[in-house]
Amino acid sequence: SPQMFEVFLQGKKLSSNHEMAEKDSSITGKASLDLDRGKFLVIVKSLYTGDDENKWWIRAKVAGEPLLATAPDCGMNIHHLLEGTKLGSVSISADGSLVLVNYSKVDRTSGKTGRWTEIQEVSSGRIRQSFRKGGTMGYHWMPSGKKLYYTKPGEKGSSVWIYDFEKGTESPVLEDIEELSGIEWSPDEKFLIYTISEKKKADPGSSLRYMDDLGNRTFPDKSTGSLYRYDVANKVSTRLTFGEYSTWLNDISRDGGKILFSVSRPNPTVRPFIQQDMYLMDLSNGQVDTLWNNSPWSGSASFSPDGTKLLVTGGPDLF
């Protein structure tokens with residue numbers, strides 16, 4: 001080629017020319033291709049400048065006896081799986097006009113995964129907002145309108161913020177909560193239920209490690225999750241659950257009057273080695289009713305729209 005060029009095999013540079021040839025002449029570069037059986041990607045890059053006296057052209061050929069084909073298709077390989085931009089999850093705003101899309105991409109140099117969130121218009125696909133703030137995570141739609149809530153780190157803990165697309169404002173709702181691990185808004189947006197994971201401190205003076213359940217085989221840091229209710233108008237938090245084992249929020253009723261939560265605890269002598277309890281709590285007085293307990297098979301529950309029935313999902317043995 002009379003122009004500058006570079007030749008790559010599977011992303012590795014094999015040959016290059018960074019000089020422009022004289023008029024009516026060309027420069028040749030050579031490279032050896034170490035090919036095994038299979039598909040390989042060969043890329044040739046060429047650079048043309050406006051003051052070049054030669055026409056822009058490039059020609060290449062392969063010498064040797066290998067059987068070569070130039071079909072552009074190739075089989076799935078590890079690079080397709082590990083590299084490139086990947087779609088995480090998608091959710092639509094309450095009014096149906098905006099869509100939230102989560103992406104991730106692995107940096108080839110460091111191997112670290114970068115994550116970001118984009119807000120796009122459903123009608124046009126135009127990007128309205130891109131969130132790439134370091135440490136900010138968990139973007140979700142509010143139950144009504146065009147509003148997002150998310151968490152970001154603060155000086156003493158994590159804070160919950162709301163971004164309003166119609167007003168173009170960003171404001172905190174709940175600030176400096178240590179060990180915050182989960183958030184769920186009530187349908188009327190008057191309160192939210194959040195989870196705090198309290199770590200259990202091990203005895204620093206002992207060299208023994210106590211394995212009390214199967215999930216403890218790698219000795220992770222133990223923690224217990226408890227549910228709290230935060231009233232937005234009064235800015236008051238109320239603890240709802242406590243105990244030796246973690247509690248998980250399953251659902252909040254449409255009128256905001258009741259919640260469903262479950263507790264799982266180890267049962268090492270009987271398969272599948274856990275037991276689950278499911279409870280119904282009346283938030284007006286704190287009264288708790290047991291829906292089922294000591295179930296060896298776990299399930300999840302949610303309210304019907306009118307709050308008179310529950311939808312329970314789980315494996316066949318649960319029923």
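Just so it is clear, the values below take in all heavy atoms, side chains as well, and ignore hydrogens, waters and symmetry mates. One-based numbering along the sequence shown.
Put simply, OG on Ser32 and CG on Leu9 are 11.0 Å apart, with the number rounded to the nearest 0.5 Å. Atom CG of Leu98 and atom CZ of Arg128 lie 5.5 Å apart (nearest 0.5 Å). Interatomic distance, Asp317 CG to Ser298 OG, rounded to the nearest 0.5 Å: 11.5 Å. Note that CG of Leu227 and CD1 of Ile259 are 5.5 Å apart. Values are rounded to the nearest 0.5 Å. Note that CE of Met278 and CH2 of Trp292 are 4.0 Å apart. Values are rounded to the nearest 0.5 Å. From Glu166, atom CD reaches atom OG of Ser97 across 8.0 Å, with rounding to the nearest 0.5 Å.
With hydrogens and angles ignored, the 3.5 Å screen pairs no side-chain donor or acceptor of Asp282 with any backbone N or O of Gln287. Side chain of Asp255 to main chain of Gly257: a donor-acceptor pair is present (N/O by atom type, distance under 3.5 Å, no hydrogens or angles). Of the possible polar contacts, none joining the Ser104 side chain to the Thr85 backbone as a donor-acceptor pair under 3.5 Å is found. Formation of a donor-acceptor pair under 3.5 Å by the Arg254 side chain with backbone atoms of Gly256 is not found in this model. Using a distance-only test at 3.5 Å, with no hydrogens or angles considered, no donor-acceptor pair links the side chain of Asn267 to the main chain of Phe273. Ser93 places no side-chain N or O within donor-acceptor distance of the main-chain N or O of Lys146, the cut-off being under 3.5 Å. A donor-acceptor pair under 3.5 Å is absent between the side-chain atoms of Asp277 and the main chain of Gln275, judged by distance alone. Although no hydrogens or angles enter the test, the distance criterion places no donor-acceptor pair under 3.5 Å between the side chain of Lys190 and the main chain of Pro187. In this structure, the side chain of Lys86 engages the main chain of Leu81 through a donor-acceptor pair within 3.5 Å. The backbone N or O of Trp57 sits less than 3.5 Å from a side-chain atom of Ser1, completing a donor-acceptor pair.
When the side-chain contact (heavy atoms from CB on, under 4.5 Å) test is applied to Leu180, the partners found at least two apart in sequence or on another chain are Thr151, Ser158, Val160, Ile177, Ile183, Tyr194.
Residue Arg271 comes nearest to Pro296 through the heavy atom pair O-CB, 4.4 Å, listed as atom of the first residue, atom of the second, then distance. The two residues Ser246 and Ser223 make their nearest non-hydrogen contact at OG-O, 3.7 Å. Heavy atoms only, all atoms of each residue included: Thr28 and Phe5 are closest at C-CZ, 4.3 Å. Heavy atoms only, all atoms of each residue included: Ser264 and Gln276 are closest at OG-CG, 3.9 Å. Taking each heavy atom of Ile252 and Phe303 in turn, the nearest pair found is C-CD1, 3.7 Å. Annotation for Thr241 and Ser226: closest pair O-CB, 3.3 Å, computed over non-hydrogen atoms.
Counted within 6.0 Å of CD on Glu179, heavy atoms from surrounding residues, nucleotides or ligands total more than 12; the atom is thus considered enclosed. Open room surrounds CZ on Arg59; 12 or fewer heavy atoms of other groups in view lie less than 6.0 Å from it. Applying the 6.0 Å contact sphere to CZ of Arg108 captures no more than 12 heavy atoms from other residues, nucleotides or ligands. For CZ of Arg229, the number of neighbouring non-hydrogen atoms (other residues, nucleotides, ligands) closer than 6.0 Å is greater than 12.
Here the side chains of Tyr163 and Gln129 are in contact, with some heavy-atom distance below 4.5 Å. Inter-residue side-chain proximity for Val232 and Glu189 is flagged as unmet; no heavy-atom pair is nearer than 4.5 Å. Looking only at side-chain heavy atoms (C-beta outward), Glu244 and Thr224 stay at 4.5 Å or farther from each other. You'll find the side chain of Leu148 reaches within 4.5 Å of the side chain of Ile119, heavy atoms only. Residues Glu118 and Phe131 fail the side-chain proximity criterion, which asks for heavy atoms closer than 4.5 Å. For the pair Asp24 and Asn54, the minimum side-chain heavy-atom distance is below 4.5 Å. Thr247 is not listed as a side-chain neighbour of Ser262, based on a closest heavy-atom distance of 4.5 Å or more.
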Cut-off 3.5 Å, no hydrogens considered: what does the side-chain donor-acceptor table look like for residues 42-50, sequence neighbours left out?
residue	atom	partner	partner atom	Å
Ser46	OG	Trp56	NE1	2.8
Thr49	OG1	Asp51	OD1	2.9

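For Trp161 and Tyr150, the gap between ring centers reaches or exceeds 6.0 Å.
Partner Ser124 forms a side-chain hydrogen bond (donor to acceptor under 3.5 Å, both in side chains) with one of Gln120, Glu121, Arg126 and no other, that one being Glu121.
Cluster membership for Leu291 and Leu318, using ILVMFWY side-chain heavy atoms within less than 4.5 angstrom, is shared. Cluster annotation: Ile193 is not connected to Val173 through the hydrophobic network of ILVMFWY side chains, with a link wherever side-chain heavy atoms come within less than 4.5 Å. There is a path of hydrophobic side-chain contacts, each under 4.5 Å, that joins Trp297 to Phe319. Phe191 and Tyr228 fall into different hydrophobic clusters, where Ile, Leu, Val, Met, Phe, Trp and Tyr residues are linked whenever their side-chain heavy atoms come under 4.5 Å apart, directly or through other members. Leu260 and Leu249 are not part of a single hydrophobic cluster, where members link through side-chain heavy atoms under 4.5 Å apart.
Between Lys156 and Glu178 no salt bridge is recorded (no basic side-chain N to carboxylate O distance below 4.0 Å). A salt bridge links Glu6 with Lys13; the closest basic N to acidic carboxylate O contact falls under 4.0 Å.
By the 4.5 Å side-chain criterion applied to Ile, Leu, Val, Met, Phe, Trp and Tyr, Ile27 is assigned to no cluster and stands alone.
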Worked check of side-chain hydrogen bond (donor to acceptor under 3.5 Å, both in side chains) between Thr169 and Asp164: CA-CA 5 Å; Thr169 58; Asp164 192 321; 4.9 Å; no
Side chain to side chain contact (heavy atoms under 4.5 Å, CB included) between Leu14 and Lys30, intermediate numbers included: CA-CA 8 Å; Leu14 297 183; Lys30 294 184 178 181; over 6 Å; no
CA sep, side-chain torsions, deciding dist, call: Thr195, Ser181, side-chain hydrogen bond (donor to acceptor under 3.5 Å, both in side chains): CA-CA 5 Å; Thr195 303; Ser181 62; 4.8 Å; no
